[in-house]
Asker: 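Sharing a structure, written as structure tokens. Questions coming.
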Amino acid sequence: MGTGSRLQGRDDIVVHAPARILWKLISDSHELPNWGPPVKSVEVMTNVNDAEKLGTARKVHAEFGRKSGYFLEHRVEHVDGRKIAYLIDEENFGLSRLLSRPGFSLELDPKGDQATRVIFSFFHDPRGFKGRIMNPLIKLQQRRNRSAALSALKRRAEEIVRLMKT
């Protein structure tokens with residue numbers, strides 16, 4: 001993993017859609033607001049015509065409860081059609097006071113032509129005493145966020161498959 005930090009949680013879901021559909025949803029940052037529940041918009045820091053790749057940076061505008069903010073992230077892993085990972089460089093939700101090197105990955109594990117297992121992992125190191133004390137709560141919140149994102153990704157991908165059949 002390219003974040004250099006420890007795995008803090010991992011969840012997966014089987015989606016009844018081919019891996020190529022899921023790859024389009026997870027690898028194109030502009031798709032994120034369509035399936036990432038807290039995400040309101042994404043700015044990709046690259047030329048409009050360039051495909052996102054290793055090193056590509058993005059600014060993700062999100063809303064958690066009543067708090068709006070952003071994450072500045074860059075892609076630290078890119079295995080075409082299979083896996084992407086991001087390191088969060090900056091954010092204004094206050095995570096950086098409690099965590100160092102937070103990041104996440106999304107991995108696709110095809111299960112035949114029409115199903116794909118999606119694995120969502122979150123990485124970070126607790127920062128200082130308060131970070132270590134708060135880490136169990138942070139991991140619980142991250143798990144809720146991962147589960148919500150995976151469920152939304154499943155709904156979106158399966159909706160695309162249904163629309164393609166009509």
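For the numbers below, each heavy atom of this structure counts, side chains included, while hydrogens, waters and symmetry mates do not. Every value quoted in this text rests on a predicted model; they were computed, and no experiment measured them.
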Asker: Please determine whether residues Ile84 and Ile21 belong to a single hydrophobic cluster, defined as Ile, Leu, Val, Met, Phe, Trp and Tyr linked transitively by side-chain heavy-atom distances below 4.5 Å.
Answerer: yes
Asker: To the nearest 0.5 Å, tell me how far Arg82 CZ sits from Ile26 CD1.
Answerer: 10.5 Å
Asker: Do Leu153 and Trp23 share a hydrophobic cluster, counting only Ile, Leu, Val, Met, Phe, Trp and Tyr and linking them when any side-chain heavy atoms are less than 4.5 Å apart?
Answerer: yes
Asker: A quick test of your reading: do over 12 heavy atoms of other residues, nucleotides or ligands sit less than 6.0 Å from NZ of Lys40?
Answerer: yes
Asker: Within the 4.5 Å heavy-atom criterion, are Glu107 and Val79 side-chain neighbours or not?
Answerer: no
Asker: Does Leu72 belong to the same Ile/Leu/Val/Met/Phe/Trp/Tyr cluster as Leu87, with side-chain heavy atoms less than 4.5 Å apart forming each link?
Answerer: no
Asker: What heavy-atom pair brings Gly81 and Leu108 nearest, and what distance separates the two atoms?
Answerer: O-CD1, 3.7 Å
Asker: Quick one, Ser100 and His124 - any side-chain contact, counting heavy atoms below 4.5 Å?
Answerer: no
Asker: Is it the case that the side chain of Thr56 and the backbone of Lys53 share a donor-acceptor pair, with hydrogens and angles ignored and the cut-off at 3.5 Å?
Answerer: yes
Asker: Evaluate the side-chain proximity of Arg144 to Leu140: yes if any heavy-atom separation is below 4.5 Å, no if none is.
Answerer: yes
Asker: Compare every heavy atom of Ala149 with every heavy atom of Pro37, then report the nearest pair and how far apart it is.
Answerer: CD-CA, 3.7 Å
Asker: Any chance you could lay out the salt bridge (Lys or Arg N to Asp or Glu O under 4.0 Å) test for Glu159 and Arg162, step after step, and finish with the verdict?
Answerer: CA-CA 5 Å; Glu159 175 189 32; Arg162 274 192 307 278; 5.7 Å; no
Asker: What distance separates Asp80 CG from Ser27 OG, expressed to the nearest 0.5 Å?
Answerer: 7.5 Å
Asker: Donor-acceptor pair, Arg117 side chain versus Val14 backbone, under 3.5 Å?
Answerer: no
Asker: What closest approach, in Å, do Pro33 and Ser41 show between heavy atoms, and which atom pair accounts for it?
Answerer: CG-CA, 4.0 Å
Asker: How many angstroms lie between CE in Met134 and CG in Leu98, if you round to the nearest 0.5 Å?
Answerer: 6.0 Å
Asker: Going through the distances and angles, do Ser96 and Glu91 end up as a side-chain hydrogen bond (donor to acceptor under 3.5 Å, both in side chains)?
Answerer: CA-CA 7 Å; Ser96 53; Glu91 49 77 38; 3.0 Å; yes
Asker: Should His16 and Val161 count as side-chain neighbours, where that means a heavy-atom distance under 4.5 Å?
Answerer: no
Asker: Mind checking the CD-CD spacing from Gln142 to Gln8? Nearest 0.5 Å is all I need.
Answerer: 7.0 Å
Asker: Taking ring-ring contact (aromatic ring centres under 6.0 Å, His included) as the criterion, tell me which of Phe122, Phe104, Phe120, Phe71 meets it with Tyr86.
Answerer: Phe104
Asker: What's the shortest heavy-atom distance between Ser121 and Leu7, and which atoms?
Answerer: CB-CD1, 3.8 Å
Asker: Looking at Lys111 and Asp109, is any side-chain nitrogen of the basic one under 4.0 Å from a carboxylate oxygen of the acidic one?
Answerer: yes
Asker: Do Lys83 and Glu77 have side chains that approach each other closer than 4.5 Å (heavy atoms only, starting at C-beta)?
Answerer: yes
Asker: Give, for atom CE of Met45 and atom OG of Ser29, the distance between the pair rounded to the nearest 0.5 Å.
Answerer: 10.5 Å
Asker: When you compare the side chain of Lys154 with that of Val118, does any pair of heavy atoms fall below 4.5 Å?
Answerer: no
Asker: With side chains defined as the heavy atoms from C-beta onward, is the minimum distance between Leu99 and Arg127 less than 4.5 Å?
Answerer: no
Asker: Using every non-hydrogen atom in the two residues, find where Arg6 and Pro126 come nearest and quote the distance to one decimal.
Answerer: NH2-CD, 3.5 Å
Asker: Please find the pair of heavy atoms, one from Leu22 and one from Thr116, that lie closest to each other, and give the distance.
Answerer: CD1-CB, 3.4 Å
Asker: Starting at CZ of Arg156, measure out to NZ of Lys24 and round the result to the nearest 0.5 Å.
Answerer: 10.5 Å
Asker: Can any side-chain N or O of Thr166 pair as donor or acceptor with the backbone N or O of Leu163 at less than 3.5 Å?
Answerer: yes
Asker: Taking a hydrophobic cluster as the set of Ile, Leu, Val, Met, Phe, Trp and Tyr residues connected by side-chain heavy atoms closer than 4.5 Å, whether directly or through intermediates, do Leu95 and Val60 fall within one such cluster?
Answerer: yes
Asker: So, do Glu43 and His61 sit near enough that their side-chain heavy atoms are less than 4.5 Å apart?
Answerer: yes
Asker: Would the distance check show the side chain of Arg97 and the main-chain N or O of Lys130 forming a donor-acceptor pair, the cut-off being under 3.5 Å?
Answerer: no
Asker: Quick check: is Ile160 connected to Val15 through a chain of hydrophobic side chains (ILVMFWY, heavy atoms under 4.5 Å apart)?
Answerer: yes
